[in-house]
Chemist: 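Here it is, the structure in full.
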Amino acid sequence: MQGKELTSQYLDELNDIQRKAVTTLDGPVMVIAGPGSGKTRVLTYRIAHLIRSGVAPWQILALTFTNKAAKEMKARIETVVGQSAYKVWAGTFHSLFARILRVEAHRIGYPNDFTIYDTDDSKSAVKEIIKSLKLDPKVYNNGAIRSRISSAKSNLITPRLYAANEDYLNQDAVNRRPMTYKIYEKYVNKCIRSGAMDFDDLLLQMFKLLYQNPDNIREKYQRQFKYLMVDEFQDTNFLQYEILKQFCIYENSPRNVCIVGDDAQSIYSFRGATIENILQFENDFPELQTFKLEQNYRSTSHIVQAANDIINNNTRQIQKKIWTDRIGGHKIKMVKAMTENEEGKMVADNIVEQKNRYSLANKDIAILYRTNAQSRIFEEYLRRYNIPYKIYGGLSFYQRKEIKDIIAYMRLSINSKDDEAFKRVINYPRRGIGQTTLAKISTIADDNDVSMWECLNSIDFNVRAKQKLIDFVKLIRTFQAKAVQADAYKTALFIVKKSGIVDLLKSENSIEGQARIDNINALLDGIQEFTEDDVLDEGEDINKQERTLADFLQTISLMTDQDKNTENPDTITMMSVHAAKGLEYKSVFVVGVEENLFPSYMSLSSPDQLEEERRLFYVAITRAEEHICLSFANSRYQYGNVRYNDPSRFLEEISNDDVEANISMKKKPEFGPPKILGNFKPLKSATQKSLPMDVGDFSPSPAADIKVGHKILHLKFGIGEVLSIDERNVATIKFDSNIDSPEKRIMLQYARLQIME
DNA sequence: GTAGTCACTATTTGA
DNA sequence: TAGTGACTAC
């Protein structure tokens with residue numbers, strides 16, 4: 001990469017306002033960046049400009065919310081300043097702080113090789129505490145408690161402050177969960193003795209580290225980070241802002257801090273983000289310079305107009321006028337369907353038509369929805385029409401059971417105090433360590449305030465349990481030994497082999513089992529890649545790390561699916577509106593634009609939340625460059641019932657001038673397919689599992705009559721063939737209907753099966 | 001230990 | 001409706 005031509009014309013690529021934002025390097029700066037206004041360009045060129053003005057790359061701290069944004073940023077800085085771009089401290093809040101804590105955690109009572117708990121781990125820990133306090137798990141819903149704790153941490157409310165905070169206590173009282181403070185306290189203890197930090201801790205402990213070590217630590221970083229930048233500032237929470245202030249508010253600070261964001265695109269208040277931070281920023285830095293990027297380069301004028309019309313209905317916003325010089329273009333299309341099924345069909349038809357008429361590629365098109373559950377119907381029609389698509393969201397690779405199981409073994413090998421990992425693998429695969437033994441360990445660990453692993457020695461078990469535990473400890477110790485002397489890949493391979501999980505999956509002899517093994521192999525491939533990825537000598541990425549298993553674990557615990565290979569060649573994109581933030585497509589379909597859905601029924605009662613829904617809708621339509629289509633259905637299935645929803649109030653907020661006239665909302669809905677497609681037959685929903693015959697005809701045959709080779713009927717699984725019957729009268733039956741796992745093992749004495757002629 | 005049953009719930013989601 | 005977690009009955 002040496003000798004790469006460095007662009008020096010980058011300043012010419014900017015408009016006046018953008019250029020000012022890029023070249024105003026000193027003092028506090030606020031950039032309000034409307035959709036499509038070249039925000040990323042400003043951000044990256046500003047960093048490039050800093051470097052070219054003589055600031056060392058490692059003196060720049062650039063915080064983002066997603067790995068993807070950070071990666072993109074670094075890549076784009078590189079095109080201007082070359083390899084030194086990778087010496088910039090650019091990354092997510094969580095990943096950069098995790099890196100620092102990896103070195104400094106011992107100063108605040110954590111081991112440096114602490115585990116990072118994901119949301120599931122936290123929930124599971126909370127659940128156990130609820131159980132140990134003998135509270136009703138129905139009242140004390142572990143998810144709700146976890147978000148409560150998360151919210152407290154994000155507002156710098158420690159357990160002690162929580163117990164004295166009237167607001168929190170009152171809210172808990174109203175929710176009939178008065179013991180929440182106690183759970184919080186125990187949860188914090190549990191994390192400490194497990195050597196674990198949850199996602200909020202990565203921020204909170206970072207704050208603590210700086211706050212409690214003003215001389216040696218805080219000052220060090222204050223001196224290092226001469227220039228601070230925060231992307232998507234409207235998404236920061238209180239705690240994140242407090243940390244930022246630790247870096248730049250102190251005596252004789254140059255106060256070189258630049259925040260970039262758009263209050264109109266703040267859509268994450270439900271996870272603690274607060275627009276108050278923008279107002280607070282103006283208070284904390286009264287000398288700040290503000291630049292508003294108002295020219296939209298992305299969309300044509302009807303789209304920009306409509307977006308403005310909508311957002312103007314919000315009262316709380318920073319005044320700005322988004323405009324475009326791309327006058328004209330296509331008007332907004334509104335599509336009314338009778339049912340959700342028809343909506344699916346009409347959208348798919350429109351996609352076909354657009355592709356033909358405007359020669360759009362699949363990757364130019366996106367379907368955006370408010371809730372992930374809406375994707376199914378569109379999936380069905382696109383599949384039917386043979387249009388490739390990709391659905392984003394849903395279960396990530398690292399949340400799959402088999403992956404979490406393997407990773408739990410790895411975690412335990414690196415940090416044996418990790419209780420969540422311990423619980424996960426202690427009896428998986430089965431090694432005869434049952435609930436009783438586990439409960440005993442858990443209680444004693446709790447009583448002595450140590451991790452489960454640490455208290456194993458001090459407990460009297462019966463001989464059998466004891467032997468099993470000794471074997472388990474031995475196993476983990478071999479993993480630990482391997483981890484010390486081998487690289488991540490070799491260690492991982494060893495753990496996968498010796499843990500017995502793959503053998504167990506193999507023995508299941510099912511398609512699912514095989515799929516899981518494939519996933520584990522994919523994980524191993526990923527680890528191999530990680531291990532062999534050579535570190536560059538020159539221009540080494542400041543964020544690249546060693547290649548041990550511990551490093552791998554840290555990397556993946558902060559990674560999500562969207563960060564992984566996005567080698568989708570040419571597919572339609574389907575995702576929630578939230579997930580689409582920051583992306584753009586030539587043609588966007590926003591579907592389900594109905595009252596109770598978009599805006600969500602959950603937000604109708606609160607004006608603030610309604611405004612957030614409106615911002616979300618604003619984000620949705622501003623993703624479009626040239627075409628936007630808003631669709632809604634008269635009725636749709638929600639929770640098993642047909643629900644009739646009115647068109648969304650947001651639709652009325654769009655001026656008629658920007659809406660395609662021929663498809664007005666008043667027009668009678670069209671039935672049947674548009675002409676271009678000929679006689680298309682509506683298909684039956686894939687989830688409507690039709691029974692092979694009427695239930696009334698069903699009369700189970702006596703178990704004794706059922707023999708190998710019989711065709712049988714099962715009420716739930718349909719028609720199947722008996723493949724074998726073992727000595728305990730368990731039949732293996734192959735059902736045609738169940739494509740995912742055709743073979744079921746069914747106990748004849750209990751199952752209701754009818755022999756068919 | 002496990003298949004089946006019951007009761008419950010139901011946005012958005014990054015790290 | 002559909003997915004999940006807890007319980008139950010062998």
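Every chain is numbered from 1 and lettered A, B, ... according to where its sequence line falls, protein lines coming before strand lines.
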Chemist: Could you label the plane-to-plane angle of the A:Phe97 and A:Phe247 rings as parallel, tilted or perpendicular, counting under 30° as parallel and over 60° as perpendicular?
Modeler: tilted

Chemist: Under 6.0 Å from the CZ atom of A:Arg316, do we count more than 12 heavy atoms belonging to anything else shown?
Modeler: no

Chemist: Closest heavy-atom contact between A:Tyr369 and A:Ile391?
Modeler: OH-CG2, 3.9 Å

Chemist: Hey, are the side chains of A:Leu368 and A:Val591 touching, using non-hydrogen atoms and a 4.5 Å cut-off?
Modeler: no

Chemist: Let me know the distance between CG of A:Asn641 and P of C:dA2, rounded to the nearest Å.
Modeler: 13 Å

Chemist: What contact category does A:Ser557 fall into here, base, sugar-phosphate, or nothing, at under 4.0 angstrom with non-hydrogen atoms?
Modeler: nothing

Chemist: Tell me whether A:Asp418 is salt-bridged to A:Arg424, with the criterion being a basic N under 4.0 Å from an acidic carboxylate O.
Modeler: no

Chemist: Let me know the distance between CD of A:Glu340 and P of C:dT1, rounded to the nearest Å.
Modeler: 13 Å

Chemist: How long is the line joining CZ of A:Phe93 and P of B:dG14, in whole Å?
Modeler: 16 Å

Chemist: If every non-hydrogen atom of A:Ile377 is compared with every non-hydrogen atom of A:Asn341, which pair is closest and at what distance?
Modeler: CD1-OD1, 2.9 Å

Chemist: For A:Gln374 and C:dT1, what is the distance between atoms CD and P respectively, to the nearest whole Å?
Modeler: 19 Å

Chemist: In this structure, how many angstroms lie between the P atom of B:dA15 and the NZ atom of A:Lys68, rounded?
Modeler: 10 Å

Chemist: If I compare all heavy atoms of A:Arg99 with all of A:Gln554, which pair ends up nearest, and what's the gap?
Modeler: N-NE2, 3.9 Å

Chemist: Could you check how far CD1 of A:Ile100 sits from C1' of B:dA15, rounded to whole Å?
Modeler: 16 Å

Chemist: How many whole angstroms separate atom CD1 of A:Ile243 from atom C1' of B:dA15?
Modeler: 13 Å

Chemist: Provide the closest heavy-atom pair for A:Lys423 versus A:Ser124 in the form atom of the first, atom of the second, distance.
Modeler: NZ-OG, 3.5 Å

Chemist: Tell me: CD1 of A:Ile377 to C1' of C:dT1, nearest whole Å?
Modeler: 13 Å

Chemist: Please work out whether the ring planes of A:Phe617 and A:Phe598 are parallel, tilted or perpendicular, with thresholds of 30° and 60°.
Modeler: perpendicular

Chemist: Below 3.5 Å between N/O atoms, which protein atoms pair up with nucleotides 6-13 of chain B? Just atom names and distances, please.
Modeler:
from: B:dT12; atom 1: OP1; to: A:Asn372; atom 2: N; distance (Å): 3.0
from: B:dT12; atom 1: O4'; to: A:Arg370; atom 2: NH2; distance (Å): 2.9
from: B:dT12; atom 1: O3'; to: A:Ser576; atom 2: OG; distance (Å): 3.4
from: B:dT12; atom 1: O2; to: A:Arg370; atom 2: NH2; distance (Å): 2.6
from: B:dT13; atom 1: OP1; to: A:Ser576; atom 2: OG; distance (Å): 2.2
from: B:dT13; atom 1: OP2; to: A:Asn372; atom 2: ND2; distance (Å): 2.9

Chemist: At a cut-off of 3.5 Å, list every protein nitrogen or oxygen paired with a nitrogen or oxygen from nucleotides 3-7 of chain C, distance to 0.1 Å.
Modeler:
from: C:dA6; atom 1: OP1; to: A:Lys127; atom 2: NZ; distance (Å): 3.0

